[in-house]
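Beneath this line is the structure, given in structure tokens, with notes to follow.
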Amino acid sequence: MFCPHCNTWNDENYNYCYNCGTKLHIGNKVNDSKYGDSIDTAFVSSSNIAKPMKHSFKKKRTGSKKSGVFIAVWICTAVIIVIFSVQMGKMIAASTSRKVNIDNVVNAEQSKSTPASTIKIIEPASGYAEVTDDHYVLKIQVDPNSTVLINSNDFSDLVNADGTLEASVNLPSEGINDIYVTVSAPNRSLVRQSVSIKRLPKTVADTVPGEENQTNNLSDQPQSEDEYIRKAWDIPYDQLIKYPRVYQDKIGLFLGEIEDLSVQNDISTFYLKLPSSDKLYIEYQGTLSSWKQGDNIKLYGEVDGTYDTLPRVKARYIYAQ
């Protein structure tokens with residue numbers, strides 16, 4: 001029924017209006033402004049007229065308003081975070097770029113101020129040579145105390161006090177063999193150079209009959225003492241250990257101390273202790289009656305393989321130091 005005072009709909013079991021508190025009477029005529037006449041509230045039931053939803057509508061509107069505010073705040077926060085992240089990324093990228101540029105400038109300035117290491121190819125002077133052997137003796141000039149790599153092998157120990165270096169380099173195949181030399185001296189920048197050695201195939205003219213036996217029979221070598229000595233190399237021990245085949249039959253000069261001297265069947269054998277404390281096994285055809293244990297000598301002889309893992313040398317001439 002409708003309240004006669006405020007025209008608010010109330011359930012039939014209400015005695016008082018829930019809106020204004022006016023006492024309700026069943027059967028009262030109330031004015032319905034919507035329809036412009038009076039109606040009998042006794043014939044109006046809840047099934048014919050919809051009940052107002054005033055209070056629940058207010059609650060829903062209030063909840064939606066709060067949800068909208070929350071969503072707006074969340075969106076604003078997300079936008080701020082994205083903008084902040086983008087700006088930070090730009091700042092980091094700019095900082096990194098500046099650091100790289102600064103490093104490049106510093107490195108460039110250091111390169112300009114640091115002199116290059118010295119390297120001069122003595123042999124082959126033109127940077128190219130042709131040989132029939134399976135090795136080539138490379139001669140270069142560098143700064144003393146330089147680090148020298150030849151085809152990635154370290155030859156620094158062979159640098160002499162004046163900076164000269166002689167290194168025997170293997171030529172593994174016929175044709176062009178490139179040799180790469182890298183030099184780095186203290187307080188100097190690294191330098192690289194390369195030479196090309198062409199290994200030619202051996203012909204019959206390149207081989208002397210019985211050549212492989214000449215060093216085994218020293219009496220068959222018709223060389224004077226001076227000629228023999230002029231052909232001698234100052235062979236580095238490290239090279240001799242690394243490349244025994246390269247130095248096979250080569251005449252070398254060796255200095256050291258006699259150890260474990262023995263004579264049998266007119267052949268003298270002993271160990272030669274080098275200044276580096278490394279040792280060579282020496283064979284000499286003849287009796288060394290004038291030499292004894294502990295004597296320091298200088299000898300010339302041919303490299304002849306190894307004996308008990310040590311390089312073996314067949315001595316030709318022996319002198320006192």
Side-chain angles (χ1 to χ4, degrees), residues 123 131-139 155 157-158 160 164-171 202 205-321:
E123 290 185 14
V131 298
T132 56
D133 293 330
D134 60 357
H135 65 280
Y136 183 82
V137 178
L138 180 69
K139 297 181 180 180
F155 288 82
D157 294 341
L158 304 182
N160 298 318
T164 57
L165 181 150
E166 294 186 10
S168 180
V169 183
N170 283 334
L171 306 177
K202 281 191 175 184
D206 297 323
T207 305
V208 178
E211 180 184 33
E212 66 280 2
N213 295 323
Q214 287 184 3
T215 56
N216 294 329
N217 188 352
L218 301 179
S219 61
D220 292 339
Q221 296 184 7
Q223 300 182 38
S224 66
E225 183 174 347
D226 290 340
E227 183 182 2
Y228 187 90
I229 291 175
R230 281 198 303 269
K231 292 183 178 181
W233 291 20
D234 185 7
I235 303 176
Y237 187 83
D238 290 345
Q239 288 277 290
L240 194 56
I241 288 292
K242 285 182 180 178
Y243 310 109
R245 289 185 63 253
V246 170
Y247 292 98
Q248 178 70 25
D249 300 337
K250 300 298 181 185
I251 300 173
L253 165 64
F254 305 98
L255 306 175
E257 178 184 333
I258 294 177
E259 288 187 353
D260 300 332
L261 175 62
S262 64
V263 179
Q264 187 175 4
N265 297 328
D266 291 330
I267 296 178
S268 301
T269 61
F270 59 91
Y271 292 98
L272 185 66
K273 184 178 179 181
L274 305 177
S276 62
S277 297
D278 297 306
K279 293 183 179 182
L280 302 174
Y281 181 76
I282 309 297
E283 291 183 0
Y284 178 79
Q285 189 171 5
T287 302
L288 296 176
S289 57
S290 58
W291 304 106
K292 64 183 184 300
Q293 179 87 5
D295 286 342
N296 289 311
I297 62 172
K298 173 173 64 175
L299 69 82
Y300 295 87
E302 296 90 356
V303 177
D304 185 31
T306 60
Y307 175 83
D308 194 21
T309 72
L310 293 177
R312 178 169 60 183
V313 176
K314 288 192 173 182
R316 180 72 177 269
Y317 299 104
I318 301 177
Y319 306 94
Q321 284 198 51

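All values derive from a computational prediction rather than experimental measurement.
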Original post:
Is the backbone N or O of I297 less than 3.5 Å from a side-chain atom of Q321, with the two atoms forming a donor-acceptor pair by type?
Top reply: yes

Subject >> Under the side chain to side chain contact (heavy atoms under 4.5 Å, CB included) test, residues paired with D308 that sit two or more places apart >> reply: none

**OP:** Please examine the side chains of L171 and D133, heavy atoms only from C-beta on, and report whether any two atoms are closer than 4.5 Å.
**Re:** no

**OP:** Using a 4.5 Å cut-off on heavy atoms from C-beta on, say whether the side chain of F155 contacts that of Q239.
**Re:** yes

Original post:
For the side chain of E283 and the backbone of R312, is there at least one donor-acceptor N/O pair under 3.5 Å apart?
Top reply: no

Original post:
Between D249, I235, I251, which is the residue that forms a side-chain contact (heavy atoms from CB on, under 4.5 Å) with V303?
Top reply: I235

Original post:
Rounded to the nearest 0.5 Å, how far apart are CG of L165 and CG of D157?
Top reply: 10.0 Å

Original post:
Would Y228 and Y317 count as a close aromatic pair, with their ring centres under 6.0 Å?
Top reply: yes

Give every donor-acceptor pair under 3.5 Å between a side-chain atom in residues 253-268 and any protein atom, sequence neighbours left out.
residue : atom : partner : partner atom : Å
E259    : OE1  : K279    : NZ           : 2.9
S262    : OG   : T269    : OG1          : 3.0
S268    : OG   : G286    : O            : 2.6
S268    : OG   : L288    : N            : 3.2

**OP:** Apply side-chain contact (heavy atoms from CB on, under 4.5 Å) to L240 and L280, showing your working.
**Re:** CA-CA 10 Å; L240 194 56; L280 302 174; 4.0 Å; yes

Original post:
Just how far is it from atom OH of Y300 to atom NZ of K231, taken to the nearest 0.5 Å?
Top reply: 15.0 Å

Original post:
Would a 4.5 Å heavy-atom cut-off, applied to side chains only, mark Q248 and D304 as touching?
Top reply: yes

Subject >> Non-hydrogen atoms of A320 and W291 that approach each other most closely >> reply: N-CH2, 3.4 Å

Subject >> Modelled atom types, side-chain donor and acceptor of D278 and S276, under 3.5 Å >> reply: yes

Original post:
L272 versus V313: any side-chain heavy-atom pair under 4.5 Å?
Top reply: no

**OP:** Please collect all ring pair (Phe, Tyr, Trp, His ring centres under 6.0 Å) contacts where either partner lies in residues 266-289, sequence neighbours excluded, each pair once.
**Re:** Y271-Y281, Y281-Y307

